[in-house]
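Here the structure is laid out as structure tokens; the discussion comes afterwards.
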Amino acid sequence: MKGDIVIIGGGITGIALAHELARRGEDVVVLEKRFIGSGSTFRCGTGIRQQFNDEANVQVMKRSVELWKKYSEEYGFPFKQTGYLFLLYSEEEINQFKENISIQNRFGVPTRLITPEEAKEIVPLLDVSEVMAASWNPTDGKADPFHATTAFALHAQEMGAKIYEYTEVKDIIIEKGEIKGVKTNKGIIKTGIVINATNAWAKLINAMAKVPIRIPIEPYKHQAIITQPIKKNTINPMVISFRYKDSYLTQTDHGGIIGGVGYEVGPTYDLSPSYTFLREVTAYLSKIVPAIRELLILRTWAGYYAKTPDSNPAIGRINEIDEYYIAAGFSGHGFMMAPAVAEMLSDLITKGKTSLPIEWYDPYRFERGELRQKALQMG
Ligand SMILES: Cc1cc2nc3c(=O)[nH]c(=O)nc-3n(C[C@H](O)[C@H](O)[C@H](O)COP(=O)(O)OP(=O)(O)OC[C@H]3O[C@@H](n4cnc5c(N)ncnc54)[C@H](O)[C@@H]3O)c2cc1C
């Protein structure tokens, strides 16, 4: 077997990247140890936002939303621009968000500060008795991770990409700093270009390639819930409350309310659900929407946030190994970033440069001690 470019990891990052490279006529292979989406991607909270607190993430997410819109229309998977609503409870929070809003507005993201009454018009079930204002961007949204990943995978394959499931990478063969191939449980694949898109497992793949720099990415357990379905369009936007333990909640296409809180365990590869989480998530989410108290919780589950010290991913080329790239460490917001990350990295691989601010995600920043401003993390 042979592939000019081998992507390790069949989550939304690896699949969107394969799709973009195939679109550009590259010969690309994805190796996924289980089935596509089986890592964090199919476990995610569906949210897609441009409301970040730094220029790079705002620009990248603005581009990502354009691509989400384009591909959801072309391929017919659900992506809805139902907005993100951050509830604010203090002057301090409001001032911080005013700064974020001015950065977002500078790049054409139409976020604005609204009153508690306006927030309640958007989501009538909200308890706004303690809310002082809200940050509202109607162009943020949500997409179904299963439909989106599957659609990108099918179209990537139509354009010639090969996706091998149940194919686990065991080692990377490098001679004199050049990649010769990857060893899998199904044999060796010859290649000269490898992309590590394994997120929570990224450090294991980096170890196989003997990456000589420190790229700290660790797996943390994050859990989520889904309630029984309620009337459609009851909670359209993603609602966020940092005051109530970094909570997030929204309604899925099926009608259930999906949500989580910032209850983090790790570093660990353990994914067992916990009673503490269940207790916290019900307490905090029902502070935001009291009607949640009346609903049955159908299911809880866990997945990984692959975290870096500044909650920004590591995206770029590792210079010491010819043609080895990484796109991992998405720290709980990698689903939303994938279409833009695919574009940035494809630009880097095929043209050597990109107009998106990829330097922000420089994998060498940890080694140099140049951590970025911490990216806004939810849940
Ligand atoms: C509860 C929860 C809620 C979340 N909510 C959101 C949200 O609202 N919005 C958002 O943007 N993000 C959210 N996230 C984060 C999001 O899920 C991830 O950032 C995103 O899915 C990362 O995608 P990925 O393709 O980089 O990684 P993954 O989906 O984890 O894919 C990596 C793949 O690599 C494979 N792999 C690993 N090792 C090997 C190997 N040796 N050989 C072959 N394959 C290998 C794995 O099997 C896996 O499928 C959430 C995460 C969780 C857990």
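Residues: numbered from 1 along the sequence shown. We use all heavy atoms of the structure for the numbers below, so side chains are in, but hydrogens, waters and symmetry mates are not. Every number for a ligand or one of its atoms is a count from 1 in the order of the listing.
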Looking only at N/O atoms, are Ala327 and ligand 1 under 3.5 Å apart anywhere? no
Who's the nearest protein heavy-atom neighbour of atom 39 (C) of ligand 1, and how far? Lys33 CD, 3.8 Å
Is a side-chain donor-acceptor pair under 3.5 Å present for Tyr361 with Asp310? no
With sequence neighbours left out, which residue pairs that include part of residues 236-246 fulfil the salt bridge (Lys or Arg N to Asp or Glu O under 4.0 Å) condition? Glu130-Arg243, Lys245-Glu280
Taking atom types as modelled and ignoring hydrogens, do the side chains of Gln51 and Asp140 form a donor-acceptor contact shorter than 3.5 angstrom? yes
Side-chain donor-acceptor contact under 3.5 Å, Asn206 with Tyr324: yes
Using the ring of each side chain (for Trp, its six-membered ring), is Phe152 parallel, tilted or perpendicular to Trp68, with breaks at 30° and 60°? perpendicular
Measure the distance from atom 34 (O) of ligand 1 to every protein heavy atom, then report the residue, atom name and distance (to 0.1 Å) of the closest one. Gly9 CA, 3.3 Å
In the protein, what heavy atom is nearest to atom 12 (N) of ligand 1, and what distance, to one decimal place, separates them? Gly332 O, 3.3 Å
Side chain or backbone of Phe335 under 4.0 Å from ligand 1, or both, or neither, by non-hydrogen atoms? both
With a heavy-atom distance limit of 4.0 Å, tell me whether Arg43 approaches ligand 1 through its side chain, its backbone, both, or neither. backbone
Please work out, at 4.0 Å between heavy atoms, whether the side chain, the backbone, both, or neither of Leu204 comes within that distance of ligand 1. neither
Taking 4.0 Å as the limit for heavy-atom contacts, which would you say applies to Val169 with ligand 1: side chain only, backbone only, both, or neither? both
Protein heavy atom at shortest distance from atom 28 (P) of ligand 1: Ser40 N, 3.5 Å
Any idea which of Gly47, Ala328, Ala197 brings a heavy atom closest to atom 32 (C) of ligand 1? Ala197
Sorted by chain and residue number, the salt bridge (Lys or Arg N to Asp or Glu O under 4.0 Å) partners of Glu294 (sequence neighbours excluded) come out as none
Below the 3.5 angstrom mark, is there an N/O of Gly45, backbone or side chain, next to an N/O of ligand 1? yes
Applying a heavy-atom cut-off of 4.0 Å, say which part of Thr46 lies close to ligand 1: side chain, backbone, both or neither. backbone
N or O contact, Tyr305 vs ligand 1, cut-off under 3.5 Å: no
With heavy atoms under 4.0 Å as the rule, classify the contact between Trp301 and ligand 1 as side chain, backbone, both or neither. neither
So, taking the atom named OH in Tyr166 and the one named CG in Asn185, what distance separates them when rounded to the nearest 0.5 Å? 12.0 Å
How far is atom 17 (O) of ligand 1 from the closest protein heavy atom, and which atom is that? Cys44 CB, 3.1 Å
